[in-house]
Structure formats: structure tokens, C-alpha cells
Amino acid sequence: MDRAAGDGADAGGAGGETGVCCVVEVSPEGAVAFAGYAAVFDVVDRAGDVVRRGAFAGAGVVPLLWQHRGLAVGSLSVVAEDARGLRVEGVVADLELARLVRAGAVAGLSVGYRALSVRQGGRRELLEVALVEVSLVAVPMQALARIEVVA
């Protein structure tokens with residue numbers, strides 16, 4: 001999971017930041033399908049946050065970005081909680097990024113969100129969030145948030 005730097009507010013790359021993305025050419029012939037977890041429940045991330053079951057309840061399909069910035073690099077067909085976490089399935093359409101995903105060089109996933117309900121204790125527990133985007137990332141905030149299947 002990623003949070004915006006600076007003010008401590010929760011991030012959503014689709015809603016505010018603009019950046020240059022790696023979109024060079026999009027082609028169905030070079031696209032790669034993938035599945036994995038954008039967040040795993042009850043695991044502390046590098047910022048000390050923990051996502052609890054139900055935090056993403058009702059989340060719909062959101063944009064698939066690269067490093068929380070720029071234009072969409074593909075699309076998601078499944079964004080849903082299961083017993084383990086937030087499972088996503090999609091297609092990376094950007095040719096260069098698809099090549100890196102296929103080779104295993106990019107396997108991290110991350111979520112951009114706005115916290116709606118948290119419990120503060122020893123750790124910040126995310127109880128309810130508004131999912132804004134899912135990103136392919138080089139280094140995920142949560143180590144287990146990864147692509148698990150590439151087709």
C-alpha cells in the first residue's frame with residue numbers, strides 16, 4: 001500500500017498526481033494477463049499499516065497504473081476481497097511493461113486509497129478504504145502484494 005509523501009494523507013494516483021507514464025505502444029498481441037494480490041490482510045506494511053478484512057468491501061474495478069502515476073497501463077477485470085486479501089486480475093497492455101512483467105522483473109502490486117475508517121493503536125489498522133487505483137510497482141509497500149500468475 002502506498003500513502004502520499006509529505007502530509008500523511010492517503011494517496012490515489014488517479015485523482016491528483018500527474019506524471020509521465022511508460023505508455024509507448026499498446027497492443028493486444030503483446031499484452032500479458034496476470035493475477036495476484038494488491039493487498040494482503042493482517043500483514044504489517046513498511047509504513048506500519050495493517051489492512052483488515054472488509055476494508056475493500058464493495059470496491060469496484062479501478063485503473064491499473066505504473067508506480068501510482070500517469071495513464072492506465074492496462075485494465076483490471078477482477079478486483080475483489082477473498083479470505084487472503086484484495087485479489088486482482090487484469091491485463092498489462094503497455095508493451096515494455098508487459099515484457100517486464102512476463103520476465104518477472106516487475107512483480108509488485110500496490111493500492112492507492114483514501115482511508116475512511118481506521119483504528120489507531122500500536123499500528124494503524126485500515127478498517128475501510130475507498131480504493132482509487134491499483135499499481136504495478138517495482139517495490140511494493142507490502143512485501144506480499146505481488147503478481148502470482150502470469151499468462
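Note that these values count all heavy atoms, side chains included, but never hydrogens, waters or copies made by symmetry.
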Query raised in the report: Going through the distances and angles, do Tyr37 and Leu86 end up as a side chain to side chain contact (heavy atoms under 4.5 Å, CB included)?
Result: CA-CA 5 Å; Tyr37 285 88; Leu86 184 65; 5.7 Å; no

Report task. Please step through side chain to side chain contact (heavy atoms under 4.5 Å, CB included) for the pair Leu116 and Val129, ending with a clear verdict. Result -> CA-CA 5 Å; Leu116 301 175; Val129 301; 5.6 Å; no

Query - Criterion side chain to side chain contact (heavy atoms under 4.5 Å, CB included) on Val132 and Arg114, from CA distance to verdict - result: CA-CA 7 Å; Val132 177; Arg114 288 184 196 89; 3.2 Å; yes

Requested in this report: Verify salt bridge (Lys or Arg N to Asp or Glu O under 4.0 Å) between Asp49 and Arg123, making sure each step is shown before the conclusion.
Outcome: CA-CA 6 Å; Asp49 291 346; Arg123 306 260 184 230; over 6 Å; no

**Report entry** Residue pair Val92, Leu136: steps toward the side chain to side chain contact (heavy atoms under 4.5 Å, CB included) verdict
**Finding:** CA-CA 9 Å; Val92 181; Leu136 294 160; 3.6 Å; yes

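Scanning all heavy atoms of the two residues, the minimum distance from Leu65 to Gly70 falls at CD2-O, 3.6 Å. What you find for Ala145 and Ala38 is that their closest heavy atoms are CB-O, 3.5 Å. Across every non-hydrogen atom of Leu126 and Ala115, the tightest pair is CD2-CB, 4.2 Å.
Under a 3.5 Å cut-off, the side chain of Arg102 and the backbone N or O of Gly30 do form a donor-acceptor pair. Side-chain atoms of Glu81 come within 3.5 Å of backbone N or O of Ala55 as a donor-acceptor pair. Under a 3.5 Å cut-off, the side chain of Gln67 and the backbone N or O of Ala138 do form a donor-acceptor pair.
Counting heavy atoms from C-beta outward, Val106 and Leu97 have side chains that approach closer than 4.5 Å. Using a 4.5 Å heavy-atom cutoff, the side chains of Arg46 and Gln142 are not in contact. Taking the side chain as every heavy atom from C-beta outward, Arg84 and Val40 approach each other to under 4.5 Å.
Comment: Glu128 does not engage Arg119 in a salt bridge, judged by the lack of any side-chain N to carboxylate O separation of less than 4.0 angstrom.
Here the CG-CG distance, from Leu64 to Leu71, works out to 12.0 Å after rounding to the nearest 0.5 Å.
Under the 4.5 Å side-chain heavy-atom criterion for Ile, Leu, Val, Met, Phe, Trp and Tyr, Val91 and Val61 are members of distinct hydrophobic clusters.
Within the structure, the salt bridge (charged side-chain N to carboxylate O under 4.0 Å, His left out) test picks out no pair touching residues 55-68 (sequence neighbours left out).
Residues that satisfy the side chain to side chain contact (heavy atoms under 4.5 Å, CB included) test with Glu89, not counting sequence neighbours, are Ala35, Ser77, Val78, Arg87.
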